[in-house]
Amino acid sequence: MESLAREIGAACRNVGFLYLVNHGVATATIEAALSAMREFFAQPVEAKRRVAMKKSASGIRGYFGLGEEDLDDKIDGVGTPTKGDWKEGFDCGCDVEALEKQSPLVDDNQWPSPEFRDPVMAYQRAVLGVAARLMTAFAIALDVPAEFFVDRTKRPLATLRLLHYPPSVGLGSGAHTDYGCCTILYQDGVGGLEVKLGDDWVPVPPARDAFVVNIGDMMHRWTNGRFASTLHRVRANPTSHRYSLPLFFNPDIGVRVECLPTCCDEDHPPRYESALAEDLLLQRYRATFRHIH
Ligand SMILES: O=C(O)CCC(=O)C(=O)O
Ligand SMILES: [Fe+2]
């Protein structure tokens, strides 16, 4: 674990993106989630709107249509209306029965059917297991106690998002950084994800059975900038439908994100104020989805 953790830490510092292989999630679990989402997105939009995000109490669980999310808004959209991202999606959180509904970020999932729910939740559970191991690796890499992040992600504010990019020219997702702690992404074989390294947009080609892990702004903040939250975007494919499944992984409600003791010293004072994880997330949700207030 020690040497793997150091390797992961180096990728998080230098690139903010890495491929994770031999992660233990069965190909069958991934395939079952992919086939459930393909079937869901193939329906007419009226059917999908029965589980529209806007219908969930906090407006954060369920289906969103083409153009409803606008990831590039904060980069160059100051007051300028843009067309939104050319993708549709479905968001679901962890089972909330076990959680207190004490935050606008915790909400009931909306399921179109058990046939859709079961493979999607099985996939979510499997990837949450990967996230827990990743948290141990991050802690080792950052020289804090090995259980530091695991202790703070016991009932994580995690969202699994299922994405469908219909064939199109141009961008499916505008340039953005992710909000949270880290993202664990599975992308199908179509490709189109690109990462900004220096002045270049570098493709992140699909690798069979690999997850793409990337650092989000919250982890960048927690590590006083040591881990990189890197700008990325998705180029739509002109002829193929693309499907991807990012799991956005975040700490528990009430966790304070403040500079790790190992990431600051006299020469590197804390660059960011301490903040609650849920407050950081809510700010970002509001900036990218117009219906969330
Ligand atoms: O679809 C992808 O490959 C990436 C999507 C993404 O970056 C996001 O939803 O934050
Ligand atoms: Fe992203």
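Small disclaimer: the values here were computed from a predicted structure and weren't measured. Order of appearance sets the numbers: ligands from 1, and atoms from 1 within every ligand.
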Review point. With a distance cut-off below 6.0 Å to the six-membered ring centre and an angular limit of 45° from the axis, does Arg38 pair with Tyr243 as a cation-pi contact?
Key: yes

Revision key, fill the gap. Ranked by distance from atom 5 (C) of ligand 1, the top protein heavy atom is Tyr165 OH, 3.5 Å

Point to revise | Considering all heavy atoms, the nearest Asn250-Thr153 contact | key: O-CG2, 4.2 Å

Practice item. Can you see which heavy atom on Gly254 is nearest to which on Leu276, and at what distance? Key: O-CD2, 3.7 Å

**Study point:** Contacting atoms of ligand 1, where contact means under 4.0 angstrom from a heavy atom of Phe248
**Key:** 8 (C), 9 (O), 10 (O)

Practice item. Answer whether the closest heavy-atom distance between the side chains of Ile30 and Val25 falls below 4.5 Å. Key: yes

Check your understanding: Does ligand 1 have an atom under 4.0 Å from some heavy atom of Arg161?
Key -> no

Point to revise | Asp178 N/O under 3.5 Å from ligand 1 N/O | key: yes

Check your understanding: So which of Gln187, His232, Arg242 gets nearest to atom 3 (O) of ligand 1, if we judge by its closest heavy atom?
Key -> Arg242

Exercise for review: With heavy atoms only and a cut-off of under 4.0 Å, state how Thr183 meets ligand 1: side chain, backbone, both or neither.
Suggested key: neither

Exercise for review: Examine Tyr123 together with Tyr186 and report whether their ring centres are nearer than 6.0 Å.
Suggested key: no

Review point. Does Arg233 have a non-hydrogen atom less than 4.0 Å from ligand 1?
Key: no

Exercise for review: For atom 8 (C) of ligand 1, grab the closest protein heavy atom and report residue, atom and distance to one decimal in Å.
Suggested key: His176 NE2, 3.6 Å

Check your understanding: In terms of atom number and element, which parts of ligand 1 are under 4.0 angstrom from non-hydrogen atoms of Val234?
Key -> 1 (O), 2 (C), 3 (O), 4 (C)

Practice item. For the pair Asp143 and Arg6, find out whether any cationic side-chain nitrogen is under 4.0 Å from an anionic carboxylate oxygen. Key: yes

Check your understanding: Taking the six-membered ring for Trp, are the ring centroids of Trp111 and Phe40 within less than 6.0 Å of each other?
Key -> no

Point to revise | Side-chain donor-acceptor contact under 3.5 Å, Thr159 with Asp91 | key: no

**Study point:** Ligand-side contact atoms (ligand 1) for residue partner Leu163, heavy atom cut-off under 4.0 Å
**Key:** 1 (O), 5 (C), 9 (O)

Point to revise | Apex the Fe ion (ligand 2) - arms NE2 from His232 and OD1 from Asp178 - angle rounded to 10° | key: 90°

